[in-house]
Enquirer: 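Got a structure for you, written out below as structure tokens; questions coming shortly.
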Number of protein chains: 6
Amino acid sequence: MDSPMYGELALFSATANRPLAEEIAASLRTELRGADVFQFANENIFVRLHGSVRSDDVFIIQSMTVPVHKNIMELLIMLDTVRRDSAGRITAVTPYFAYGRTDKKDQPRVPITARLLADMITVAGADRVLTMDLHAGQIQGFFTIPVDEISAFSLLCDYFVGKRLEDLVVVAADIGAAKKSRNFAEALDVPLAIIEKRRTVDGDKTTALNVIGEVRDCNVIIFDDEIDTAGTMTSAAHFLKEWGVRDIYACATHAVFSPPATRRLKEAPFKEIVVTDTVDIPGVKRLPNLTILSVGQLLGEVIRRIHLGMSVGEMFDE
Amino acid sequence: MDSPMYGELALFSATANRPLAEEIAASLRTELRGADVFQFANENIFVRLHGSVRSDDVFIIQSMTVPVHKNIMELLIMLDTVRRDSAGRITAVTPYFAYGRTDKKDQPRVPITARLLADMITVAGADRVLTMDLHAGQIQGFFTIPVDEISAFSLLCDYFVGKRLEDLVVVAADIGAAKKSRNFAEALDVPLAIIEKRRTVDGDKTTALNVIGEVRDCNVIIFDDEIDTAGTMTSAAHFLKEWGVRDIYACATHAVFSPPATRRLKEAPFKEIVVTDTVDIPGVKRLPNLTILSVGQLLGEVIRRIHLGMSVGEMFDE
Amino acid sequence: MDSPMYGELALFSATANRPLAEEIAASLRTELRGADVFQFANENIFVRLHGSVRSDDVFIIQSMTVPVHKNIMELLIMLDTVRRDSAGRITAVTPYFAYGRTDKKDQPRVPITARLLADMITVAGADRVLTMDLHAGQIQGFFTIPVDEISAFSLLCDYFVGKRLEDLVVVAADIGAAKKSRNFAEALDVPLAIIEKRRTVDGDKTTALNVIGEVRDCNVIIFDDEIDTAGTMTSAAHFLKEWGVRDIYACATHAVFSPPATRRLKEAPFKEIVVTDTVDIPGVKRLPNLTILSVGQLLGEVIRRIHLGMSVGEMFDE
Amino acid sequence: MDSPMYGELALFSATANRPLAEEIAASLRTELRGADVFQFANENIFVRLHGSVRSDDVFIIQSMTVPVHKNIMELLIMLDTVRRDSAGRITAVTPYFAYGRTDKKDQPRVPITARLLADMITVAGADRVLTMDLHAGQIQGFFTIPVDEISAFSLLCDYFVGKRLEDLVVVAADIGAAKKSRNFAEALDVPLAIIEKRRTVDGDKTTALNVIGEVRDCNVIIFDDEIDTAGTMTSAAHFLKEWGVRDIYACATHAVFSPPATRRLKEAPFKEIVVTDTVDIPGVKRLPNLTILSVGQLLGEVIRRIHLGMSVGEMFDE
Amino acid sequence: MDSPMYGELALFSATANRPLAEEIAASLRTELRGADVFQFANENIFVRLHGSVRSDDVFIIQSMTVPVHKNIMELLIMLDTVRRDSAGRITAVTPYFAYGRTDKKDQPRVPITARLLADMITVAGADRVLTMDLHAGQIQGFFTIPVDEISAFSLLCDYFVGKRLEDLVVVAADIGAAKKSRNFAEALDVPLAIIEKRRTVDGDKTTALNVIGEVRDCNVIIFDDEIDTAGTMTSAAHFLKEWGVRDIYACATHAVFSPPATRRLKEAPFKEIVVTDTVDIPGVKRLPNLTILSVGQLLGEVIRRIHLGMSVGEMFDE
Amino acid sequence: MDSPMYGELALFSATANRPLAEEIAASLRTELRGADVFQFANENIFVRLHGSVRSDDVFIIQSMTVPVHKNIMELLIMLDTVRRDSAGRITAVTPYFAYGRTDKKDQPRVPITARLLADMITVAGADRVLTMDLHAGQIQGFFTIPVDEISAFSLLCDYFVGKRLEDLVVVAADIGAAKKSRNFAEALDVPLAIIEKRRTVDGDKTTALNVIGEVRDCNVIIFDDEIDTAGTMTSAAHFLKEWGVRDIYACATHAVFSPPATRRLKEAPFKEIVVTDTVDIPGVKRLPNLTILSVGQLLGEVIRRIHLGMSVGEMFDE
């Protein structure tokens, strides 16, 4: 597999999601390149590549999951390492991009950390970024280097189409997920409903839920880009159950599963929880009703096309 | 009015919205500084300041309205002029920021022009930006220089509170306006409804509208950040009228009013259209039911605080 | 035609001078790539490429002619588009580069817009620039990216050599055109004369002309890099006619022809006006005595050499 | 205390070494400014300032100690926050700067993380840096923004002068510490010895120690810039004890104390271990023979001088 | 003399033109700040400031004269020194700016060194530049930092007005000096003539001179921005003498006087050679007919105005 | 020899060390490309390439030796030239890198010139750097572009291994050379001693020497990275002779030989002085006991590998 412009394809995995990295490598019929990546007793990260990447077309695969900041630094330090080892081109592959919700100043005196992260990745030496389902599309604009943002949308959509569910409604877990849920509903050709969370008059701590749209007696998919602590999603599920819906499905690309997500999901009335493997989910969090769809082949094919200079958009009939 | 750090406050107006600039100057009890700003026969813009701005704290006021690109270039060239004339600090004041809807790649092979604009403003010499109600909050993150984004939200909200309308519902004109409309509804303590636009099955040209939430027999405010061609807002109004609502109000910060907005608004069943003067609205577009609230005092006060190094957030009890 | 380093040659035309772009494409035996480039009702420009340019060697052809600022923004937005679509290399091709005369501060408190433009083109993503007959050679130095500046000098010179005119003198239309005119005179091996414009003593509004050098009974070519409003050139022609010259030719690379150029040229005593097609000249401005030499083949050949990594200089025996 | 150029002095502490930050504030007779700095369940850091820093002269105090990467990110995010809140000037105060030993490529295919860190601090918005006893002076050169590097050298030196030890020798714990130890020996006007560590011939795992210089029957101070895992220092102490030295003192600026430092130090024959509080040392690591000298007043005075635009060098008679 | 924004005015002189620096200091009733600036045996330059410049408004005065590259490096190293010593603002004062003639690619495969120099000055830490009579005004555009370019034009003009010469003509020494000479002629209200140099037909080594315009029986001033080897100016003088002119004056801002300038000027028929002291002219080059006008007061006044944030343009009635 | 990514290999030599450049070219079985590189009478450097380097993989070889600043500028101007001539990739090859000892602020108010130099090389257009035995490894970190730092260590080591000297000790000429000398001693498997220089109590001008470690009756190699004025090395030699050593060898990579190095070396009791040709040593400095090992083949092989995208590290079994 020869690129017209660069040396060999060189895939590296940092430590956050090695199973996914191996799946990507397997789909490309290649092996991950070797590198020592570990922490000294003082927590400082050490990186040493086993072989030269001079002129190679390097992809460094790292999800920004817990431990988040160690994993971010690992990515940055590996970028610096391959840059200083004269890589031909460097792509940061971040199946899960952290800090996506810190993308604007919705109150004064707060940071825009997602932009800071974009600048850090760029200053560390990345020539390009490959990522999946950013919390907001505008995060692409935080970069000036090219970003390929791939969606698990079709993967998730096809899965539900295969289930042939009747009387289905897609429900946005909150108003922020409305637009994405609408697109998902449109793709499945089913109606949309939205759960609205509102601060109650008597104080700003408690919130009241309300559903906008028809859901009674329907099967529902609660849709979002990620499941973090699962608070929004599980309270939506409990609330919908009271409204008399039938089966409830949770659907999201990124299974962040911060505590107490596992407990909450276990207690919530989900028939099935459908996610992907952009985040490496430890065994203890793999509930019986959890379905994990792999994005490995998808990312492998995208990397192959980037390496060969072929269109990525046409994979998605775009 | 002395800044601890810079020379005098120097307000300049480019040509897009001089009435607003004058209102700002009046609220600051000062006058706009003089500058020649015109186009030669070959359309090239000429700028010459009447006096020196050396060490001054310069604010250049320019809305990015039609003719959009001439007005953008005017802003950029004025930035370059004051930079090369050794201004102490330079703030680009853009009451209306164009290209806000080109803030992400929602399809492949398109630009992110809002980011490009941010880079252009920075490269031309701006040290900071003052703007109002950006289409998306993430556009702040397109800049690394500080951005003060001010909202006309309170101004608009207070206006409607003063009207004491009963059985009121805020309606998002489409799914993209859902979040802002929810905030507006919450501030007015009234329910929210959302109009959903969906491509019909038989083809991708025609779209069908649907309202999610209860609106019948209510007074409604259709809310958005801007009214451009008014297509979305007026079809929402016609659609709601069929659903049996009472009075319909349109409410938005930016009155872009691109053709055929004026005709559409005239034909639509609006009781009142409430906007601000971030865009200079020519007489011919000033319909009888149009209410224009001025942001001049608001911007004047913010500029005063920026100049004196005082908190802007506390103006909004933040 | 394979480049050693990039993917395919991808030629795009923005909207300012499509006939020239097509001539360039034809000379390269290829076709212009497809792209939607248009303005919405709010004048915001939309760009969408019809196909992927991933890894390709992209050339975007755009003259910065009227409407100047729309055309500049079109170029910048197309640069951003192909950068974000992962083009392998990006060349901005600007047969006519605007704002060339705003290249220095000849009075205080004015901008240097040509430098600003250079920075904007760079920040938008261009890797290199191909342009023709800049107003001042120093504008190349406004860029740090490589600039290929091609001259129509030989094209124009060969044309006049072919006419075998006798008793010929090259006249610089004003002192600013002296050096270029000297080079043209030297190439044709004929004498030089210079028209000097000077503010009269009684006021700074009226100017007096004077010719330095011998022109009586000669055929003259008035030479400049561009004809804008044609004021300088036509008053030179009228003035020379009084001095008793024979036939008068106008010669310039760029036919900007801002109003009232067409009227002035029509009324002036030119035997022939010789220009190139770097600017797309509409039919109404094509006077009977206007000769347009095409630079299409020249630019095509230069693009071919850039793409293949071959010397451009040796085309000109340099 | 008024700066000629900026608003008020605004001291912030991130979470790594709040006691030192409070000591600095106390020495400046001021209080630390308030800010929320905490992690969400997904570990993402949240920062919100309690009040505006517009135009203020901001100092953010953060040692890069364990958890190292969280603490680095906290610093970077706070820098971004104050930049976006329009701080007048921003100084990153890092009493302990991590990754100092990753400052060169002493083998191929490794990073230079200290430089990466410098770039990250700069890209996050710092205008200047204040730090103490960098592992290598060249790290200052990794920045282009001004760095004030303060030394605890005099503090440590004065402490030992006060002890009036006889027959004293300064010993460099390894060859890398030779130059700093020489300077310390020179300041105390006592001889220098150096411990040399060398890989043995039979394999590259075991090392043999050797002392270059005279130490028998002397009191010795083993000197280094930091005590990390204490491996080098404690094996030096054991080794010297065998050579028949009298009392052994350990002396270093930074008490990193990574495991198993505490155990090693407890077991080693140190009369006293003298360090500073650039690193916040938890109670469990405070051995009975540990002396901690505070750098709080020193840093406070330096910050005062930076704020007022006074010479810092003259504090050290330079 | 207090600046509103910076600490004290701090004038430094590098070694190229200390007499001028002292004259500037005297006109400001201040003294040059002390600094060690010398070369080691290996020619490496050492710089150490005698006192702190923290927060000060620093001006470093250095003409880029022989030894040119040592002097350029001295300037750059001093810029780095004051930047790293936390200067409040840094102005590079270059009365003579070298490489002004390498400002464009007039043939392929050559550098644009003047732009390179601008980038070097910027990267070394200058916030602004103060210079005199650049070879081409466009060199200002090579910088994005503000440049104050001052002209000795009035100084020279006033001097000749004071001489009340009759039948005066200003002669451009070659076509490149035509525009500046025209301005000088216009200011003196006298005619202009131009000497044209042209390669002869028989080969490209020898050149023939020609004068365009009337000079016979006139007093002439040959004008240029600098006198380098004096080849152009002295061959113009000899040539004009043959044409029967009366007295010949040479006039230029910069007395570069590279060999064999002194010999040539001595042998040429100049009545008087009028220059300024932007270049430090050694005694051996001070011919009896050489008049040196000092720019010290002019630069002093400009520096005063920059420091105080006052208009510089109004010094010149602009 | 075809690179996968660039056009032809193009080797250029600036003027500082042409013999080495020719040796490099010979080892690559190619010829140096032609270029005019000279100074005008005003010392300004002129550069013009004889042929195009469009798309080529350019290496510019220049040692930063006397005249240091002219040679630095030559390098920078050649970088600018090839960049503007559209080179495909540009490597600055600096066998000797000047200002290596100005790499930190060991006192206040001094520059860090080595960093400044790194920035200048980058801003002039270099994509990468190839250099040898930097004074401090951290200088690599002054660059963000990739640096290949090659060592003459093996070359020098092998030479001494071949001599089979008995009772050998490596002596660091001063404390600063301790670490490098230790590595050299370790490679030769012989003991290390260190000469310590200390300011005497009675004043800071005179210094006293002391040797730490055993040297009596041994053959010694005094090791350092460069021999500049040879002061340190020759006083070490005289001092060691007094201590009763046998033969003394001097060993260093860079033979800077600033005055009075030649006289000092001639008078010192060296059996042999072993250096390389990174600096071009004029005949007059070639003492009878001087051995010069060439690095030409080494650099040639490294350049070949860089050009072909092959590992450089594996040349050194790394």
Side-chain angles (χ1 to χ4, degrees), chain E residues 35-36 39-53 64-74 76-85 98-102 105 107-113 115-117 119-120 122-125 226 228-229 231 256-261, chain F residues 35-36 39-53 64-74 76-85 98-102 105 107-113 115-117 119-120 122-125 226 228-229 231 256-261:
Chain E
D36 298 325
Q39 289 182 284
F40 291 113
N42 65 1
E43 293 190 356
N44 285 10
I45 294 166
F46 177 78
V47 169
R48 197 177 58 83
L49 312 180
H50 292 173
S52 168
V53 294
M64 299 185 187
T65 52
V66 287
V68 171
H69 304 108
K70 193 215 74 170
N71 284 339
I72 289 172
M73 274 301 281
E74 245 183 45
L76 298 173
I77 293 173
M78 290 187 78
L79 289 170
D80 185 66
T81 307
V82 299
R83 162 175 60 177
R84 292 191 181 275
D85 196 45
Y99 280 101
R101 283 163 201 272
T102 316
K105 290 181 65 175
Q107 53 180 314
R109 300 168 212 134
V110 297
I112 302 184
T113 310
R115 170 62 196 264
L116 176 61
L117 215 48
D119 287 343
M120 284 160 62
T122 304
V123 90
E226 74 178 38
D228 182 6
T229 60
V256 180
F257 289 177
S258 305
Chain F
D36 298 326
Q39 288 183 283
F40 290 113
N42 64 1
E43 293 190 356
N44 285 9
I45 294 165
F46 177 79
V47 169
R48 197 177 58 83
L49 312 180
H50 291 172
S52 168
V53 294
M64 299 185 188
T65 52
V66 288
V68 171
H69 304 108
K70 192 215 76 173
N71 283 340
I72 289 172
M73 274 300 283
E74 244 183 48
L76 298 173
I77 294 173
M78 289 186 79
L79 289 169
D80 185 67
T81 308
V82 297
R83 162 176 59 179
R84 292 191 183 276
D85 196 45
Y99 280 99
R101 282 160 203 272
T102 315
K105 289 181 64 175
Q107 53 179 314
R109 300 168 213 134
V110 296
I112 303 184
T113 310
R115 169 63 196 264
L116 176 62
L117 214 48
D119 288 342
M120 284 159 61
T122 305
V123 90
E226 73 177 37
D228 182 5
T229 60
V256 180
F257 290 177
S258 304

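Since the structure is predicted, the reported quantities are computational estimates derived from the model, not experimental observations. Sequence lines set the chain letters: A, B, ... in the order given, protein chains first and strands last, and positions in each chain run from 1.
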Enquirer: Rounded at 0.5 Å granularity, tell me how far CD1 in F:Ile72 sits from NZ in E:Lys70.
Expert: 13.5 Å
Enquirer: Less than 4.5 Å to any heavy atom of chain F: does that hold for the side chain of E:Val256, its backbone, both, or neither?
Expert: side chain
Enquirer: Which answer fits E:Thr229, side chain, backbone, both or neither, if we ask what part of it has an atom under 4.5 Å from a heavy atom of chain F?
Expert: side chain
Enquirer: E:Asp85, E:Thr122, E:Ile112, E:Asp228: which one forms the most heavy-atom pairs within less than 4.5 Å of chain F?
Expert: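 Top option by heavy-atom pairs under 4.5 Å: E:Ile112.
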Enquirer: Is any side-chain heavy atom of F:Tyr99 less than 4.5 Å from a side-chain heavy atom of E:Ile77?
Expert: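 They are in side-chain contact.
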Enquirer: Using a 4.5 Å cut-off on heavy atoms from C-beta on, say whether the side chain of F:Glu43 contacts that of E:Pro67.
Expert: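 In short, these two side chains touch, coming nearer than 4.5 Å.
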Enquirer: Quick check on the interface: out of F:Pro259, F:Pro111, F:Gly125, who has the most heavy-atom pairs with chain E under 4.5 Å?
Expert: F:Pro111
Enquirer: Using a cut-off of under 4.5 Å for heavy-atom pairs, which of F:Gly51, F:Ala124, F:Ala35 has the most such pairs with chain E?
Expert: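 When all of F:Gly51, F:Ala124, F:Ala35 are compared, F:Gly51 has the most.
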Enquirer: What part of E:Thr65 gets within 4.5 angstrom of chain F, counting heavy atoms only: side chain, backbone, both, or neither?
Expert: neither
Enquirer: Any side-chain heavy-atom pair from E:Val68 and F:Asn42 closer than 4.5 angstrom?
Expert: no
Enquirer: Counting heavy-atom pairs under 4.5 Å to chain F, which of E:Met120, E:Met64, E:Arg83 comes out on top?
Expert: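 Of the candidates given, the most pairs with chain F belong to E:Met120.
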Enquirer: Just verifying a value: how many Å separate F:Arg109 CZ and E:Asp36 CG, rounded to the nearest 0.5 Å?
Expert: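 Taking CZ in F:Arg109 and CG in E:Asp36, the distance rounds to 11.0 Å.
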Enquirer: Only pairs of heavy atoms separated by less than 4.5 Å count here; which of F:Val47, F:Val82, F:Thr81 has the most with chain E?
Expert: F:Thr81
Enquirer: Tell me, side chain or backbone of E:Arg101 under 4.5 Å from chain F's heavy atoms, or both, or neither?
Expert: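 Interface part for E:Arg101: neither.
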Enquirer: Can you tell me which portion of E:Phe46 sits under 4.5 Å from chain F's heavy atoms? Options are side chain, backbone, both or neither.
Expert: side chain
Enquirer: Closest heavy-atom contact between F:Lys105 and E:Arg84?
Expert: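 Scanning both residues completely, I find the closest heavy atoms to be NZ-O, 3.1 Å.
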Enquirer: Top residue by heavy-atom pair count (under 4.5 Å) with chain F, among E:Val110, E:Asn44, E:Asp80?
Expert: E:Asn44
Enquirer: Heavy-atom pairs under 4.5 Å with chain F are the metric here; pick the option from E:Leu116, E:Leu79, E:Asp119 that has the most.
Expert: E:Leu116
